[in-house]
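Report on one structure; see the data block that follows.
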There are 2 protein chains.
Amino acid sequence: MDVSTRGGKRLLNRDDWMRAALEAVAEGGVAAVAVDRLAKQLGATRGSFYWHFRDRRELIDASLEKWESEHTTELMPEVDAIADPVERLRYLFREVYEQAVDPIEVALASAAGEPLVAPVVARVTNTRLAFLRRIFRDLGLARREAADRAWLAYAFYVGHHELATNDELRKSQPNRLDLIIDLLTAPSARKEMRR
Amino acid sequence: MDVSTRGGKRLLNRDDWMRAALEAVAEGGVAAVAVDRLAKQLGATRGSFYWHFRDRRELIDASLEKWESEHTTELMPEVDAIADPVERLRYLFREVYEQAVDPIEVALASAAGEPLVAPVVARVTNTRLAFLRRIFRDLGLARREAADRAWLAYAFYVGHHELATNDELRKSQPNRLDLIIDLLTAPSARKEMRR
DNA sequence: ACCTGAACACCGTTCAAGT
DNA sequence: ACCTGAACACCGTTCAAGT
């Protein structure tokens, strides 16, 4: 944390650039991370940027990793304390369904295919899938069925937010979570229908 | 279809530019539509482009509308012929689940929030939601429940493809559709569980 | 050790001038 | 009617030179 100065101005460090980059991601997605704009914003030249980072790619890489470590394992312990698996799922979904979602998260999800973003998304997703599998295992489902439902649940979560970024479509969005929780946690449905 | 020439070279029209633009979208998303690159590709100058289109925005707009009218109502009549609503849903999901998806579709879905893309996505999605609602209505569900399940089904579809663009994650993807169809078409689950 | 300033390539947009 | 070529602003990247 060396906060040196020169000629009155505070010298910049990697963290300053990364914070500015994450702000840009939140506002306009990864594409909005422009070295030139950040430099102007921070009162420096582009040349200065290249002292701290090899290139734009490294800035984005480092920024997303920073975000990941700060945001991915955040509410996990809290949720883990809920014993009933259905309630645990309900809590999790209410959390992400009703509240405003982290704009960085949305930006990353909708750029999951880009080579810069893919590894971050993969790591975060795997953590969450493991968490969901635990829930369905605790519900008494077989390993494979639990894995499949976890995928279904997470795919729904991702798609839901993808669709919700579109103002027009948000109107069609159901406002009760119960149905979703019910369906996801239903006993093996096909068998149910046969009785 | 005026195919004029001058000095040996065929003159370009709007359609030539739009085709090139859609190719670019398929390969690298909307961001890859660069007037400069397209011009080089087509053997023309950037200046020429601005004879046919007001700006880059209009090119993308027109291209996506062209794609929409060609791809959105394509297999609807064919699917509509299937009488059993569960089978209709199964057919629809198998179609999009197993086969390689149109890369333009994927590119658009993952840019659903961008102002240029949003209206197209909204129109296509609304058409498909209506179609899904029909299926659940035919299954005997009430209007509201049918609407909610349609949203669930479509959100899953979008999220599934979002996740599948990530090579790492595709491994966790379940390879049987049955579970998903079963859950989506299950009779009201909460009640089932209570008996 | 950290930054500036100039340079170059790429891209969006405009416009006078050419055919 | 359709296109070229030059111009300008924006952005990524490099590098010699400054403090």
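A, B, ... follow the sequence lines: proteins, then strands. Residue 1 opens every chain. Scope of the values below: all heavy atoms of this structure, side chains included, with no hydrogens, waters or symmetry mates.
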Protein-nucleotides 8-11 of chain D N/O pairs closer than 3.5 Å?
from: D:dC11; atom 1: OP1; to: A:Arg37; atom 2: NE; distance (Å): 3.4
from: D:dC11; atom 1: OP1; to: A:Arg37; atom 2: NH2; distance (Å): 3.1
from: D:dC11; atom 1: OP2; to: A:Asp36; atom 2: OD2; distance (Å): 2.8

Residue B:Tyr50, side-chain atoms from C-beta onward, closest of D:dC2, C:dC3, C:dG12
C:dG12
Roughly how many Å is it from CH2 in B:Trp17 to C1' in C:dG12, rounded to a whole number?
12 Å
Nearest-angstrom distance from the residue atom CG of A:Leu116 to C1' of D:dG12
14 Å
Check this one for me: any side-chain N or O of B:His52 less than 4.0 Å away from OP1 or OP2 of D:dC3?
yes
Between B:Arg54 (CZ) and C:dC15 (P), how many Å, whole number?
13 Å
Nucleotide opposite C:dA7 in a Watson-Crick or G-U pair, distances under 3.5 Å
D:dT13
Atom CH2 of A:Trp51 and atom C1' of D:dT13 are separated, to the nearest Å, by 16 Å
Would you call A:Val86 and A:Leu89 a side-chain contact if the rule is heavy atoms closer than 4.5 Å?
no
Are the charged groups of B:Asp36 and B:Lys40 less than 4.0 angstrom apart, N to O?
yes
Between B:Arg88 and B:Asp84, does at least one N-O distance fall below 4.0 Å, as a salt bridge requires?
no
Short N-O contact, B:Arg37 and B:Glu27, less than 4.0 angstrom:
no
DNA chain D nearest-nucleotide lookup for A:Ser48 and B:Phe49: closer to the 5′ end is B:Phe49
Between atom CZ in A:Arg14 and atom P in C:dA1, what is the gap in whole Å?
15 Å
Determine whether A:Thr125 and B:Asn166 make a side-chain contact, defined as any pair of heavy atoms from C-beta on separated by less than 4.5 Å.
no
So that I can tick it off, tell me whether B:Glu58 and B:Arg14 are bridged by a salt bridge, with the cut-off set at under 4.0 angstrom between side-chain N and carboxylate O.
yes
Can you tell me the distance, in whole Å, between the CG atom of A:Leu59 and the P atom of D:dT13?
10 Å
Starting at the 5' end of DNA chain D and moving along, which residue's nearest nucleotide shows up first, B:Gly47 or A:Arg57?
B:Gly47
Quick one: A:Leu11 CG to C:dC3 C1', roughly how many Å, whole number?
8 Å
Nearest whole Å is fine: how far is D:dG12 P from A:Glu58 CD?
15 Å
In terms of heavy-atom contacts, does CZ of B:Arg57 have more than 12 from other residues, nucleotides or ligands at under 6.0 Å?
no
Does any nucleotide pair with D:dT19 by Watson-Crick or G-U wobble geometry, both distances under 3.5 Å, and what is it?
C:dA1
